[in-house]
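The chain is numbered in sequence order, starting from 1.
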Amino acid sequence: MYTEITYPSADKKTTVHAYIWRPNGAIRGVVQIIHGMAEYALRYAPFAEYLTARGFVVCAEDHLGHGKSVLSAKELGYFDGGNAVKTVLADIRALTLAVRGETGGLPYFIMGHSMGSFFCREYIAQYGKEFAGAIIMGTGVQPAIVTGFGKLVAALTALFCGWKHRSRLIDRIAFGPYNKKCEGLTPYDWLSADKTNVDNYIADDLCGATFTCGGFYTLFSIIAQSCREATIKSTPKDLPVYLVAGSDDPVGAYSKGVVKLYDKYNKAGLSDVQMTIYNGARHEILNDFCAPQVMEDISAFLTEHI
């Protein structure tokens, strides 16, 4: 079971909803999860319960435009196009400080998936010295020209249609190619080779919302920031980093982008960078056939670095 908490967002108008899972016995450490786009924190409940059974406190918040941190379905996928990256990072930070205040000096780990992986990479560049380790899941590397073009298209569209406009064109440009190597039975087959997970995602009213122009502008912005050499180099050299991804995940260019990030972190001088690629798995490795092994491997990484 979890405890739900709320706190004011850094945008000064939204109430952020967050969740904390606590073990029944002794606490070994803390894991904070940063969820991906068009999903929400409670989708990680099975993983959180797996970790609490092993002595970890787990916490996660619903970002702006996601989960319960919206007033209505119309706000799903919406970020203010201006300062949303700073706002989301500040909301993640607020949860870190709150849970750290409760758990004291216990080892604190941070984990981000998909869009959350890019926020996680920026977050550890700023605050990495505070953490015992970072798990970066379902990530990739994009050239500045690609993210720059994405931001330009989103901004120009917003200029005429507003930041809350949902552009099917931008959505097709961003995600249309992702299903090319899949069955193509649904627009979301690239998420998981497990059809049950894909069906559950489609059936969930809080998943799959088309991002607004503001949402896409923010997404391209945080990808761009996290891929900058300055961000990579700002990551503490002694921070253990664990990259995990599916071999068939298009976000990571079918593992090529993950390997590229692994090389970048090593080139930047990080002393403990590990990587596991799960053969045949797609984007949501915690909801694919490899999930039990993923959980076991992450648990081993946490235990190794306590």
Side-chain angles (χ1 to χ4, degrees), residues 33-39 63-66 77-92 110-128 134-158 163 167 169-178 190-191 209-235 241 243-246 249-265 268 275 282-285:
I33 298 171
I34 307 172
H35 72 74
M37 72 174 289
E39 61 157 354
H63 309 318
L64 300 180
H66 292 78
Y78 171 66
F79 289 115
D80 183 337
N83 297 312
V85 167
K86 289 183 178 180
T87 300
V88 174
L89 288 169
D91 291 346
I92 293 168
I110 191 81
M111 183 185 106
H113 167 69
S114 193
M115 179 181 74
S117 76
F118 300 107
F119 276 108
C120 185
R121 285 157 55 179
E122 177 66 27
Y123 196 58
I124 60 176
Q126 295 184 27
Y127 304 106
I135 301 102
I136 301 174
M137 177 183 294
T139 200
V141 174
Q142 289 288 352
I145 191 171
V146 173
T147 53
F149 176 74
K151 289 173 64 178
L152 177 63
V153 173
L156 286 175
T157 305
W163 287 115
S167 171
L169 175 60
I170 300 176
D171 189 63
R172 285 197 298 270
I173 292 172
F175 302 111
Y178 282 7
W190 61 275
L191 289 177
T210 300
F211 257 29
T212 61
C213 290
F216 274 117
Y217 186 86
T218 302
L219 174 64
F220 294 132
S221 295
I222 189 57
I223 293 174
Q225 282 186 222
S226 68
C227 290
R228 290 174 185 163
E229 292 299 323
T231 301
I232 302 294
K233 291 178 179 178
S234 294
T235 307
V241 173
L243 307 178
V244 288
D249 180 5
V251 173
Y254 305 97
S255 78
K256 292 179 182 177
V258 186
V259 172
K260 187 176 291 186
L261 180 63
Y262 174 84
D263 291 340
K264 284 179 177 290
Y265 275 131
M275 176 176 62
R282 297 179 185 174
H283 186 53
E284 291 194 340
I285 56 175

(request) Could you tell me the separation between the CZ atom of F175 and the CG atom of L191, rounded to the nearest 0.5 Å? (result) 9.5 Å
(message) Rounded to the nearest 0.5 Å, what separates atom CD1 in I136 from atom OG1 in T235?
(response) 7.5 Å
(request) Decide side chain to side chain contact (heavy atoms under 4.5 Å, CB included) for T87 and D80; before the verdict, give the C-alpha distance in whole Å, the side-chain angles of both, and the deciding distance to 0.1 Å. (result) CA-CA 9 Å; T87 300; D80 183 337; over 6 Å; no
(request) Quick one: do R121 and C227 satisfy side chain to side chain contact (heavy atoms under 4.5 Å, CB included)? Show the steps, please. (result) CA-CA 8 Å; R121 285 157 55 179; C227 290; 3.5 Å; yes
(request) Hey, could you give me the CE/CD1 distance between M137 and I34, rounded to the nearest 0.5 Å? (result) 12.0 Å
(message) Before you tell me yes or no, could you show the steps for D171 and F216 under side chain to side chain contact (heavy atoms under 4.5 Å, CB included), namely the whole-Å CA-CA distance, both residues' side-chain angles and the distance that decides it to 0.1 Å?
(response) CA-CA 8 Å; D171 189 63; F216 274 117; 3.6 Å; yes
(request) Assess the pair Y123 and F119: is the distance between their ring centroids shorter than 6.0 Å? (result) no
(request) Would you mind listing every side chain to side chain donor-acceptor pair (under 3.5 Å) that reaches into residues 141-158, with sequence neighbours excluded? (result) none
(message) Just checking H66 against F79, ring centres under 6.0 Å apart?
(response) yes
(request) Determine the minimum heavy-atom distance between T218 and A84, stating which atoms define it. (result) OG1-CB, 3.3 Å
(request) Measure the spacing between CD1 of I135 and CD1 of I124 and express it to the nearest 0.5 Å. (result) 10.0 Å
(message) Counting C-beta onward and ignoring hydrogens, is there a side-chain heavy-atom pair between W163 and T212 closer than 4.5 Å?
(response) no
(message) On a heavy-atom basis, which atom in G138 and which in S117 lie closest, and how many Å separate them?
(response) O-OG, 4.0 Å
(message) According to side chain to side chain donor-acceptor pair (under 3.5 Å), who are the partners of H113, at least two apart in sequence or on a separate chain?
(response) none
(request) Under the side chain to side chain contact (heavy atoms under 4.5 Å, CB included) rule, what do H63 and D91 come out as? Steps first, then yes or no, please. (result) CA-CA 8 Å; H63 309 318; D91 291 346; over 6 Å; no
(request) With rounding to the nearest 0.5 Å, note down the distance linking CD in E229 to OG in S234. (result) 11.0 Å
(request) Working to the nearest 0.5 Å, report the span between CD1 of I222 and CG of L89. (result) 5.0 Å
(request) Measure up the W190 and Y178 rings against each other and bin them: parallel (under 30°), tilted (30 to 60°), perpendicular (over 60°). (result) perpendicular
(message) Please enumerate all residues that pass side chain to side chain donor-acceptor pair (under 3.5 Å) together with Y78, with sequence neighbours excluded.
(response) none
(message) So which atom in M115 and which in L219 form the shortest heavy-atom distance, rounded to 0.1 Å?
(response) CG-CD1, 3.7 Å
(message) Restricting to non-hydrogen atoms, name the atom on G36 and the atom on S114 that form the minimum distance, rounded to 0.1 Å.
(response) CA-CB, 4.2 Å
(message) Show the nearest heavy-atom pair for residues S226 and I223, with the distance to one decimal.
(response) OG-O, 3.0 Å
(request) Check R282 against D249 and note the closest heavy-atom contact, atom names and distance. (result) O-CB, 3.7 Å
